[in-house]
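Proteins come first, then strands; the chains are lettered A, B, ... in the order of their sequence lines, and each starts at number 1.
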There are 2 protein chains.
Amino acid sequence: MDWNITERNQLTPQDIDRQGNKLLMGNGYIGYRGTLEEFNKEQKTATIVSGLYDKFGDQWREPVNLPNGCFVQVIYKGEALHALRSKLVIHSQSVDMYNAVHTRETTFQASDGSCITIRSRRFASLARRHLICMEYSISVDPACEVDICTGIDGDVWDINGPHLKETEARVQDDIISVYAVTHENAVPIAVSEVVVLPLEDKNETINESFRKFHQVQVQSPVTFHKFVSHLTGIEEENLLASSRKLCTQAASLGFDKLLEEHTALWSQRWNTCDIQIQGDEQAQQALRFSLYHLLSIVPTHTEHASIPARGMSGQMYKGATFWDTEIFILPFFVQNFPDLARNLLLYRYHTLDGARRKAQEYGYRGAFYAWESQDTGDDACTLFNVTDVFTNRPMRTYFRDKQVHISADLVYAFWNYFSLTGDSSIWHDGGAEVVFECARFFLSYIYFNPDKHRYEVLDVTGPDEYHERVHNNAYTNRMVANTFDVCHKVAAHLQQNSPGFFGELKSALDFESDLACINDIMPDLYLPDSNPTDYLIPQFDNYFTLEDLQLDALIGRKLHPHEYFGGGNGLATTTQIIKQADVVLMLYLFSERYSLETKSMNWQYYERRTEHGSSLSPCSYSIIAAQIGNVDWAYKYFMKTATIDLTGVGKQYVGTLYIGGTHPAGNAGAWMSAVFGLCGIHCMDKTVYIKPNLPEHWTQVILPFSVHGQKLKITITRRDVTIECIDFLKIPLSVSIGDNSYPLSTGKNNFQLEAKSQIVEE
Amino acid sequence: MDWNITERNQLTPQDIDRQGNKLLMGNGYIGYRGTLEEFNKEQKTATIVSGLYDKFGDQWREPVNLPNGCFVQVIYKGEALHALRSKLVIHSQSVDMYNAVHTRETTFQASDGSCITIRSRRFASLARRHLICMEYSISVDPACEVDICTGIDGDVWDINGPHLKETEARVQDDIISVYAVTHENAVPIAVSEVVVLPLEDKNETINESFRKFHQVQVQSPVTFHKFVSHLTGIEEENLLASSRKLCTQAASLGFDKLLEEHTALWSQRWNTCDIQIQGDEQAQQALRFSLYHLLSIVPTHTEHASIPARGMSGQMYKGATFWDTEIFILPFFVQNFPDLARNLLLYRYHTLDGARRKAQEYGYRGAFYAWESQDTGDDACTLFNVTDVFTNRPMRTYFRDKQVHISADLVYAFWNYFSLTGDSSIWHDGGAEVVFECARFFLSYIYFNPDKHRYEVLDVTGPDEYHERVHNNAYTNRMVANTFDVCHKVAAHLQQNSPGFFGELKSALDFESDLACINDIMPDLYLPDSNPTDYLIPQFDNYFTLEDLQLDALIGRKLHPHEYFGGGNGLATTTQIIKQADVVLMLYLFSERYSLETKSMNWQYYERRTEHGSSLSPCSYSIIAAQIGNVDWAYKYFMKTATIDLTGVGKQYVGTLYIGGTHPAGNAGAWMSAVFGLCGIHCMDKTVYIKPNLPEHWTQVILPFSVHGQKLKITITRRDVTIECIDFLKIPLSVSIGDNSYPLSTGKNNFQLEAKSQIVEE
């Protein structure tokens with residue numbers, strides 16, 4: 001099996017943008033785009049550090065792109081060798097996913113006919129998060145002297161920049177450092193770079209505005225190393241000295257030692273989470289590629305940062321965290337890296353005050369979480385998110401004000417973490433406060449319909465953003481009910497296990513009477529999905545009265561290729577065409593609530609009315625398709641979400657605004673589709689339910705699964721399921737296969753599968 | 001004083017459209033546009049009959065334009081004399097408002113140099129509503145023979161036609177008749193026409209498709225008469241015979257006799273309602289012109305029709321009745337013609353089932369009245385009312401679904417009628433049922449906010465249509481509160497005066513428990529205008545957070561001269577710029593609730609943010625300006641509303657759709673501005689409050705006013721007020737002037753005025 005993702009000879013601007021995302025490397029602190037060493041801001045080089053945001057003037061607040069310490073330009077006889085401007089004999093660029101190393105090999109033909117080959121390897125050290133390490137080799141045929149220009153390029157790509165001011169560059173002990181501060185909060189940053197050459201023949205320093213380089217003459221063939229450190233004032237005080245020290249340390253350890261400790265950690269990661277698929281090389285690679293990206297961007301060092309919607313691939317989507325993290329990304333981490341999942345959850349606790357401010361701004365109580373959350377939890381989402389293609393005017397959208405489900409999504413995620421890990425410390429460390437404040441928000445948001453004797457959730461935008469400001473969105477109402485339910489369960493849990501803490505918390509939050517209210521209200525909350533005889537669930541009030549037409553017909557009505565389907569006058573708004581899974585997402589999230597008939601009816605109804613205008617959409621359709629036995633569609637949607645950043649298709653620009661980047665939720669959706677959908681595994685009350693729905697050509701899947709810290713290795717073939725308890729079985733666990741349930745024993749447990757029956761045939 | 005409105009030599013297409021409205025004649029059954037006799041559908045001739053609607057295919061349902069029986073074409077030596085195509089020496093067209101007679105005088109110069117003068121007089125008989133009578137004179141210099149072609153032109157102007165099928169024309173006893181049926185409900189119609197010439201020399205019948213004419217040769221000078229009768233199957237059965245009989249009767253009575261009975265009735269009308277203004281000829285004429293139009297279109301013969309928003313000037317606005325009638329038009333009739341006001345109110349009772357159907361359609365109970373009401377009360381309003389100028393697509397608007405205030409507007413009008421006339425039979429004859437069902441509708445519409453412990457009115461569009469789907473629109477909430485209050489008062493009134501009837505009605509409507517609910521809810525309904533210390537009233541939740549800019553600045557943002565300010569992406573929707581009086585209308589309707597400070601603050605705030613994109617807007621600003629002592633603005637807005645159809649400025653077309661026509665609510669707004677605003681008169685609990693705010697140049701105003709059937713003649717000068725009780729004073733009445741209140745006596749009562757203090761100076 002090949003762990004490499006390789007691109008050859010693709011160097012159109014579109015390819016460069018796509019490869020910048022696809023071949024990204026990261027360690028959760030630094031994200032570095034998959035660009036070439038001689039590239040600059042024109043090719044969207046970017047070094048994003050977790051948790052650092054800046055706002056310049058009245059532009060959008062976004063992550064800071066640090067000066068690029070990885071810049072290397074080879075100059076052969078005065079000719080700068082550049083993959084876009086020079087003649088290429090051969091060129092390839094790849095990522096070794098297993099070791100998380102980016103490699104590049106290019107053979108240039110200079111104007112005198114000589115061939116110059118460049119090879120580089122680089123990685124963002126998982127052991128030392130501030131460090132990027134690079135090995136760079138040059139060989140010329142025939143051998144000769146070449147010049148290298150390398151250092152720090154501070155002339156960075158910005159979407160809403162510039163973000164750095166008071167930039168100072170200096171050289172001390174052959175280490176180049178660039179120091180600057182951000183505009184909004186004057187947070188200092190420092191990038192230092194040291195070059196370790198076999199010969200000491202550095203000879204010149206080049207200073208351009210924002211750029212500082214060594215120019216060195218070397219004799220080919222030559223291999224040298226660069227170590228670049230990145231620090232911000234968020235963590236450190238004495239930045240310049242610290243960043244230089246990191247370079248010196250790295251140089252003394254050397255590239256090989258640093259690579260060794262890096263790959264050892266990555267190897268551990270893969271041992272923990274890898275899924276082996278036999279019989280489908282493409283699916284295997286796409287799934288691993290998805291996990292590679294998730295692992296590259298998850299913060300390991302802090303509870304104060306989360307995963308942005310476009311990962312660490314740049315400033316797109318303002319570097320903000322959306323509900324993507326809690327609903328789509330978190331399950332992978334809860335299963336495989338519960339400590340990291342816990343960090344991601346506690347990020348929401350640390351941004352609770354921002355959510356309180358937002359609730360207050362809109363006249364509510366409790367916590368109304370940001371639709372687009374950055375470091376403070378204040379909402380980075382604007383009221384105008386789309387540009388009208390017909391008038392070029394900003395279009396009022398109701399993402400910020402009306403997607404109230406965000407607060408419920410968090411609560412869902414906290415409970416999901418707790419129920420799968422059993423880690424009740426999460427409630428003490430902030431989780432209970434988040435849950436209570438979110439429940440309180442909905443308490444202040446809902447209305448009682450005296451005529452129908454029920455509470456309703458009015459004027460919301462559900463996951464389907466093409467229908468804004470609807471009433472009683474089935475998903476949102478169900479999530480609000482779940483929020484109240486989790487609130488009730490957390491309260492009961494704390495009452496039983498930590499009454500002192502609970503009492504203090506209730507008192508600190510003045511939550512006693514609200515809690516009583518919530519318990520009162522719960523039974524009377526209207527749930528559009530609660531009538532078991534109405535299989536078809538209306539996405540919101542009067543949804544079925546909207547115009548019903550084919551997606552193609554709607555697309556045929558477009559007058560402009562980029563016109564937005566939603567917003568004020570959007571084509572989809574008056575129809576039943578939806579942007580993304582909404583009811584079907586609910587069917588997955590509360591899978592145990594719905595009959596197969598309900599799932600089947602709704603999947604079939606909504607699937608043909610869904611545009612999948614969001615990368616969050618396919619996984620829900622995959623999972624439910626698998627559950628209703630429609631394996632072909634389950635596989636199709638699995639591959640759609642698993643290859644989203646492999647193919648890199650999808651919208652890259654809105655006007656001149658770059659909105660491309662990686663899709664962590666889509667990556668994680670691939671994991672969910674594989675595990676929950678195709679492998680048919682889920683867990684409830686310490687019982688693992690397995691009902692495999694493998695595609696015909698998948699002969700075997702081996703995957704890890706854990707329940708309350710107990711690690712299992714599950715092997716699924718077409719005939720049987722084997723569950724191996726990797727450690728000694730410390731807690732009683734059961735497995736449910738077919739109609740039967742069995743207790744698990746330490747060691748291997750084998751279960752035969754019955755022939756499957758298909759619920760839905762297309 | 002000149003009672004004539006005259007237009008001279010204005011014959012561009014725009015002039016013809018405008019004069020068609022301005023010089024309209026009508027008797028409440030027939031409306032006939034102010035066009036010339038030789039005109040046809042190109043010049044928008046129209047004969048609209050009250051209450052007859054038709055829908056062709058899937059087009060908009062609209063009034064039927066009957067075949068035109070007033071057509072006359074003079075042919076001089078083979079040359080058809082036509083005001084648009086022939087050479088004119090002199091031309092004028094006018095309406096004698098006092099007698100409600102349309103006249104025309106045109107001198108043509110034929111190609112041989114001869115001058116031919118045509119004079120016509122015509123009127124829609126107020127004594128015989130089916131009849132239009134015409135006198136037509138021709139004199140040629142030098143005298144000679146001319147041909148006349150006259151008869152019935154069935155090739156009519158239609159906006160969403162054709163509406164007539166199976167058209168048959170026949171001649172019997174020299175009477176031409178056209179018979180047809182409507183498309184939708186096969187309602188028959190018949191138009192008959194007889195020509196009375198001094199000599200019996202008819203010689204030919206001309207038949208074109210849809211047109212049937214006599215062609216007659218006459219010796220000039222000549223004067224002849226035409227009598228045209230119009231009947232529909234709504235009233236009559238034997239249409240053809242009846243319509244011929246009406247012509248025969250008319251011919252035997254003769255033009256002069258018919259004119260006499262017509263003008264006698266009109267003279268009575270003017271004696272009842274005329275307002276005499278001394279010192280301002282322009283205002284005098286504009287006000288009389290406004291009343292002329294109101295009198296011309298008010299149905300006198302039925303409770304089953306109301307006044308359409310564009311009067312009887314054509315098929316514009318679907319011939320539908322809006323809230324215009326109840327809130328703006330009705331006060332004039334309640335004061336001057338309470339029987340006609342009663343008819344207009346009972347129209348709403350007869351369309352109650354339509355309102356019940358609409359409520360049910362949207363999942364509510366009670367009566368949700370049509371935003372655009374025709375004969376059945378079903379809503380003629382579509383979901384898409386505006387065409388997007390950028391995409392040419394229909395734009396979703398929330399007039400039909402969200403302007404729930406319509407039901408409350410009716411209730412306000414019913415109570416207003418009752419409190420001013422004392423006519424409690426209105427409750428027995430349907431009024432109570434309307435009030436109860438409207439209250440029940442709001443009972444099913446409102447929501448309880450458990451967090452704020454109040455009932456709210458969510459997701460509505462208030463009078464300001466540029467802000468759709470808002471919460472707690474101050475106007476709407478106040479009107480809902482008023483609905484509950486009126487419901488309560490009507491119930492109490494009936495309980496006391498007609499307990500048997502009340503018991504049966506409650507039982508028939510199953511209203512007992514709803515009535516109890518309404519009484520419970522009333523005190524907890526949230527009213528944004530209820531805090532007496534917050535002078536500035538928010539038009540709706542969060543209105544003040546919207547962008548605040550000058551109207552000019554907003555207009556400057558337009559990219560297309562006809563782009564709509566409201567709807568999905570409208571420029572005004574995200575700003576504080578409003579279409580029309582909303583809070584200020586409420587200040588007028590509940591004038592006694594608000595302090596002068598509140599009125600002044602809100603008038604000043606909203607006045608500069610109002611576009612007056614509706615003809616309903618100026619009168620509220622006039623009345624409140626007068627109340628706060630800002631007479632200049634009160635006069636300015638009075639003249640704006642009083643001249644709306646005199647000047648005929650304002651939007652006439654949306655794309656190719658003609659939306660011009662008369663503005664009865666604007667006409668009635670002139671009356672309200674004069675009486676309630678400038679004269680400062682209102683009545684409450686049998687006390688007439690008078691606080692005149694006359695413009696400097698108005699030396700005296702004489703106007704009628706009536707309270708519970710007691711007719712008063714009020715004379716206001718700059719120094720004093722005289723109130724004459726025209727009949728013997730049958731009920732005790734008081735007058736409040738300045739800070740004092742006095743009982744009225746039979747005969748003349750004179751009161752001196754104190755020097756005024758201005759509250760607001762601009």
Side-chain angles (χ1 to χ4, degrees), chain A residues 361-366 383-384 386 388-398 401 440-456 458-459 468-471 514 517-518 520-521 524 541-542 545-547 557-560 563-564 566-571 573-575, chain B residues 361-366 383-384 386 388-398 401 440-456 458-459 468-471 514 517-518 520-521 524 541-542 545-547 557-560 563-564 566-571 573-575:
Chain A
E361 176 194 340
Y362 284 106
Y364 302 110
R365 299 187 299 126
L383 300 183
F384 299 81
V386 177
D388 184 338
V389 293
F390 299 110
T391 60
N392 216 29
R393 289 177 186 146
M395 187 189 292
R396 180 69 159 94
T397 46
Y398 292 87
D401 347 32
R440 172 148 44 196
F441 166 65
F442 289 114
L443 181 64
S444 76
Y445 195 87
I446 60 172
Y447 280 92
F448 184 68
N449 183 327
D451 217 50
K452 296 184 172 137
H453 302 288
R454 67 191 194 191
Y455 289 90
E456 300 187 13
L458 303 173
D459 199 1
E468 298 184 322
R469 304 198 55 202
V470 302
H471 301 316
D514 282 344
C517 260
I518 286 165
D520 277 357
I521 278 170
D524 294 325
D541 285 357
N542 303 316
T545 68
L546 297 177
E547 186 187 357
R557 291 182 185 173
K558 276 191 174 185
L559 297 176
H560 186 291
E563 69 172 287
Y564 181 57
N569 294 334
L571 279 173
T573 59
T574 58
T575 76
Chain B
E361 175 194 340
Y362 285 106
Y364 303 110
R365 298 187 299 126
L383 300 183
F384 299 81
V386 177
D388 185 339
V389 292
F390 300 109
T391 60
N392 217 29
R393 289 176 185 146
M395 186 189 291
R396 180 70 159 94
T397 44
Y398 291 87
D401 347 32
R440 172 151 41 197
F441 166 65
F442 289 114
L443 181 64
S444 76
Y445 195 87
I446 60 171
Y447 280 92
F448 184 68
N449 183 327
D451 217 49
K452 296 183 172 138
H453 302 288
R454 66 191 193 191
Y455 289 90
E456 300 186 14
L458 303 173
D459 200 1
E468 297 183 323
R469 303 197 57 202
V470 303
H471 301 316
D514 282 344
C517 261
I518 286 165
D520 276 357
I521 278 169
D524 294 324
D541 285 358
N542 302 317
T545 68
L546 296 178
E547 186 187 358
R557 291 181 185 173
K558 277 191 172 184
L559 298 176
H560 187 291
E563 69 172 287
Y564 181 57
N569 294 334
L571 279 173
T573 59
T574 58
T575 76

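If you measure heavy-atom distances from B:L458 to chain A, the contacts under 4.5 Å come from the side chain alone. Within the 4.5 angstrom heavy-atom criterion, no atom of B:Y362 approaches chain A. When heavy atoms are compared at a cutoff of 4.5 Å, B:D388 approaches chain A solely by way of its side chain, counted from C-beta outward. For chain A, the nearby part of B:E468 is the backbone; its heavy atoms alone come within less than 4.5 Å. If you measure heavy-atom distances from A:S444 to chain B, the contacts under 4.5 Å come from both the backbone and the side chain. Looking at A:Y364, neither its backbone nor its side chain comes within 4.5 Å of chain B, counting heavy atoms on both sides. Proximity to chain A (any heavy atom under 4.5 Å) is restricted, for B:R393, to the side chain, taken from C-beta onward. Residue contact with chain A, scored on non-hydrogen atoms closer than 4.5 Å, is absent for B:L383.
The existence of a salt bridge linking B:E547 and A:R396 is excluded, since no basic side-chain nitrogen approaches an acidic carboxylate oxygen closer than 4.0 Å.
Note that OG1 of B:T391 is 12.0 Å distant from CZ of A:R557, once rounded to the nearest 0.5 Å. Of the inter-residue distances, the one linking B:F448 atom CZ with A:Y455 atom OH reads 7.5 Å to the nearest 0.5 angstrom.
For the pair A:D451/B:R365, a side-chain contact is recorded, criterion being any heavy-atom separation below 4.5 Å from C-beta on. At least one side-chain heavy atom of A:D459 sits less than 4.5 Å from a side-chain heavy atom of B:H471. Under the 4.5 Å side-chain criterion, counting only non-hydrogen atoms from C-beta, B:F390 is not in contact with A:N569.
Of all the listed residues (A:N392, A:L571, A:T573, A:N542), the one sharing the greatest number of non-hydrogen pairs under 4.5 Å with chain B is A:L571. The greatest number of non-hydrogen atom pairs below 4.5 Å with chain B, out of A:K452, A:R469, A:M395, A:H560, is found for A:R469.
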